[in-house]
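Before any comments, here is the structure.
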Amino acid sequence: MTDIHDHRLLVLDFGAQYTQLIARRIREIGVYCEIFPWDAPSELITGLKPSGVVLSGGPESVHGDSTPRLPDCVVELEVPILGICYGMQALAAYFGGAVEAAERREFGYASVEPVGESPLLDGLSDRESGQPRELDVWMSHGDHVVAVPQGFECVARTESAPIAAMQDKDRQIYALQWHPEVTHTRQGEAMLRHFVLDVCRCEPLWTPASIVESTIAEVREKVGSDQVLLGLSGGVDSSVVAALLHEAIGDQLTCIFVDTGLLRLNEGDQVMATMAANMGVKVLRVDAREQFFGALAGVTDPEQKRKIIGRKFIEIFDAEAARLDGVRWLAQGTIYPDVIESAGAATGKAHVIKSHHNVGGLPEDMTLELVEPLRELFKDEVRKIGLELGLHRDMVFRHPFPGPGLGVRILGEVKEEFAGLLARADDVFIECLHEAGLYDDVSQAFAVFLPVKSVGVVGDGRAYEYVIALRAVETVDFMTARWARLPYDFLEHVSRRIINEINGISRVVYDISGKPPATIEWE
């Protein structure tokens with residue numbers, strides 16, 4: 001069987017907000033891609049034997065004393081290189097070109113005029129035949145290249161950037177000042193496809209079917225005849241892991257569904273119906289609500305809540321595993337963005353925004369070894385292999401739900417009363433989105449419990465009850481997000497239903513914060 005990792009590209013991260021998006025676009029073309037920091041150990045970079053390297057953008061200037069530089073080992077690989085934005089400037093600086101601060105910075109749309117033949121741009125045009133062969137692209141830079149290095153040639157320009165793209169075809173080094181990875185660059189996918197398939201000559205082996213086949217083989221080799229324990233949450237990631245492991249090792253998998261009291265309304269019954277009854281997965285249901293609410297009593301700090309919930313999960317897994325014979329492995333639904341966002345592990349440059357229960361809070365004395373079959377996958381890839389494994393579309397395209405559940409959607413202290421109110425309010429919101437045909441129009445939607453009381457009027461009397469905030473966002477990569485412009489009449493309908501149907505809620509508000517500056521979740 002051909003190894004789907006045989007053809008791989010590396011993305012070196014110079015600190016860009018779009019670095020993950022570059023990798024996702026390359027994978028969508030069908031080629032495996034990994035992200036590493038620009039200063040990763042040279043032996044690591046060379047040892048991976050990539051078919052090509054992409055240099056990301058970044059917020060720095062090449063003129064700084066300690067700013068990122070193009071590593072020698074990348075050039076010494078003698079494989080195709082593509083520099084994007086800062087990556088282009090790093091290439092120019094490394095090979096002796098000139099980079100200066102632009103008189104007019106470019107942020108947003110720009111019209112690019114190709115001025116030379118290039119494998120990345122050939123055959124691309126946004127204009128009718130006979131008109132200038134211009135391309136609509138997305139720029140985001142303050143510095144630009146003003147003189148190409150020896151051996152390079154300029155192949156595109158804009159009104160503000162006389163050298164918007166350059167290349168050294170002999171050494172297969174290409175550079176674009178714009179961002180081909182964003183959807184705003186209309187033919188960006190075609191540019192990346194030219195680089196990945198035509199220049200790097202990679203085979204598109206990275207497909208849902210091949211990922212499933214390869215992962216099943218890896219799991220079987222790693223696990224052998226051992227028993228595996230999976231904490232089943234009902235979310236997309238853990239459900240896909242369950243389906244994947246069930247396909248790989250069958251009855252060697254035991255899933256433990258822990259009812260934390262912090263899940264969606266009626267989620268326990270839904271999980272048992274989907275996994276145990278319909279798919280034949282072995283699932284043990286554990287009622288641990290008292291344990292979780294007890295452990296969270298008096299705790300208000302979000303990070304502490306995440307760690308407590310993570311540790312409690314593992315404690316329960318260890319206790320349940322002790323009752324089973326031969327359990328050696330703990331399976332988790334960790335995915336690639338979890339690793340990057342939690343610890344900057346893939347790039348070394350990402351700040352810790354928040355920890356995730358499946359990559360943080362694990363006790364040092366945990367008796368089980370980890371198996372994480374989704375660890376190198378992005379969310380969209382997880383969904384695709386879920387469909388490949390036969391999971392229902394409604395399950396696979398369910399909105400993301402945090403590992404700690406409602407524990408981080410209840411601001412401040414977590415109480416069982418608050419969780420009950422929030423679960424019901426959230427259920428009303430999601431039900432209304434489905435009824436209005438709006439669920440698939442937003443990337444994530446949920447309710448948040450605010451630990452403050454507000455005066456309201458219910459019937460003929462005054463009420464002094466809690467506040468619910470609704471949150472809905474639109475996003476491509478979940479690294480940046482825009483608040484969803486839901487219709488006012490719809491929001492009024494949701495608010496009325498929540499207040500009328502749930503005793504204890506007197507006011508509903510709508511969150512109109514983007515990411516950045518806010519995060520998608522409130523905690």
Side-chain angles (χ1 to χ4, degrees), residues 207-260 262-288 313 316-317 320-321 323-335 357-358 368 370-375 377-401 403 405 427 430 434 439-440:
T207 65
S210 65
I211 294 170
V212 169
E213 182 182 7
S214 176
T215 306
I216 286 175
E218 290 172 6
V219 168
R220 287 173 177 168
E221 181 179 359
K222 184 173 187 176
V223 169
S225 60
D226 294 333
Q227 296 291 310
V228 179
L229 192 63
L230 169 65
L232 189 60
S233 70
V236 176
D237 300 336
S238 73
S239 297
V240 172
V241 170
L244 187 60
L245 292 177
H246 182 64
E247 183 75 18
I249 58 175
D251 289 341
Q252 291 171 240
L253 171 67
T254 299
C255 294
I256 295 180
F257 173 67
V258 180
D259 186 352
T260 65
L262 303 172
L263 303 174
R264 300 175 178 97
L265 190 67
N266 300 323
E267 187 156 25
D269 294 338
Q270 294 169 6
V271 167
M272 297 302 293
T274 299
M275 290 295 170
N278 295 340
M279 295 183 63
V281 179
K282 185 164 56 177
V283 183
L284 304 178
R285 188 173 182 174
V286 180
D287 184 352
F313 261 100
I316 293 171
F317 292 158
E320 292 298 322
R323 300 185 180 96
L324 302 172
D325 293 329
V327 174
R328 177 184 170 190
W329 301 90
L330 172 65
Q332 290 202 120
T334 307
I335 63 175
H357 83 285
N358 52 343
L368 303 179
L370 289 178
V371 55
E372 298 171 307
L374 308 182
R375 190 178 180 86
L377 300 182
F378 288 105
K379 192 76 171 189
D380 54 334
E381 295 172 318
V382 173
R383 297 186 194 280
K384 289 175 183 176
I385 70 168
L387 294 176
E388 185 72 23
L389 289 162
L391 290 175
H392 195 278
R393 189 184 185 282
D394 288 347
M395 164 68 77
V396 171
F397 285 92
R398 201 174 193 182
H399 288 177
F401 190 68
D427 188 64
I430 299 303
H434 279 295
Y439 186 81
D440 290 333

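Atoms considered below: every heavy atom in the structure, side chains included; atoms not considered: hydrogens, waters and symmetry mates.
From His399, atom NE2 reaches atom CG of Asp440 across 6.5 Å, with rounding to the nearest 0.5 Å. Atoms OG1 and CZ, from Thr334 and Arg375 in turn, are 6.0 Å apart once rounded to the nearest 0.5 Å.
The side-chain heavy atoms of Trp329 and Leu370, taken from C-beta on, include no pair separated by under 4.5 Å. The closest side-chain heavy-atom distance from Leu229 to Ile256 is below 4.5 Å. For the pair Leu324 and Gln227, the minimum side-chain heavy-atom distance is 4.5 Å or more.
For Arg393, there are no side-chain hydrogen bond (donor to acceptor under 3.5 Å, both in side chains) partners two or more places apart in sequence or in a different chain. Evaluation of the side-chain contact (heavy atoms from CB on, under 4.5 Å) rule for Glu381 yields Arg27, Trp206, Leu377, Phe378 as partners, not counting sequence neighbours. Remark: Thr260 pairs with no residue by the side-chain hydrogen bond (donor to acceptor under 3.5 Å, both in side chains) rule, at least two apart or across chains. Scanning for side-chain contact (heavy atoms from CB on, under 4.5 Å) contacts around Met395 gives Ser239, Thr274, with sequence neighbours left out. Taking Lys384 as the reference, nothing meets the side-chain hydrogen bond (donor to acceptor under 3.5 Å, both in side chains) condition, with sequence neighbours excluded. Every residue meeting the side-chain contact (heavy atoms from CB on, under 4.5 Å) condition with Ala331, not counting sequence neighbours, appears here in chain and number order: Val228, Leu230, Val241, Leu245, Val371. By the side-chain contact (heavy atoms from CB on, under 4.5 Å) test, His434 is found to be paired with Ile430, Tyr439, residues two or more places apart in sequence or in another chain being considered. Under the rule for a ring-ring contact (aromatic ring centres under 6.0 Å, His included), Phe401 has no partner lying at least two apart in sequence or in another chain. Ser210 meets the side-chain hydrogen bond (donor to acceptor under 3.5 Å, both in side chains) test with Thr207; sequence neighbours excluded.
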| task | Might you work through the side chain to side chain contact (heavy atoms under 4.5 Å, CB included) test for Leu284 and Phe257, ending with a clear yes or no? | result | CA-CA 6 Å; Leu284 304 178; Phe257 173 67; over 6 Å; no
| task | Run the numbers on Gln252 and Val223 for side chain to side chain contact (heavy atoms under 4.5 Å, CB included), then give the verdict. | result | CA-CA 9 Å; Gln252 291 171 240; Val223 169; 3.9 Å; yes
| query | Should Leu244 and Val212 be marked as a side chain to side chain contact (heavy atoms under 4.5 Å, CB included) after you check the CA-CA gap, both sets of side-chain angles, and the distance that decides it? | reply | CA-CA 7 Å; Leu244 187 60; Val212 169; 4.2 Å; yes
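Applying the salt bridge (charged side-chain N to carboxylate O under 4.0 Å, His left out) test to every pair with at least one member in residues 221-231, sequence neighbours left out, gives these pairs: Asp226-Arg328. Judged as a salt bridge (charged side-chain N to carboxylate O under 4.0 Å, His left out), the pairs with a partner in residues 266-281 (not counting sequence neighbours) are, in order, Arg264-Glu267, Glu267-Arg398, Asp269-Arg285.
Not one N or O on the side chain of Ser238 forms a donor-acceptor pair closer than 3.5 Å with the backbone of Gly333.
The side chain to side chain contact (heavy atoms under 4.5 Å, CB included) test with Val236 is passed by exactly one of Leu391, Val382, Leu374: Val382.
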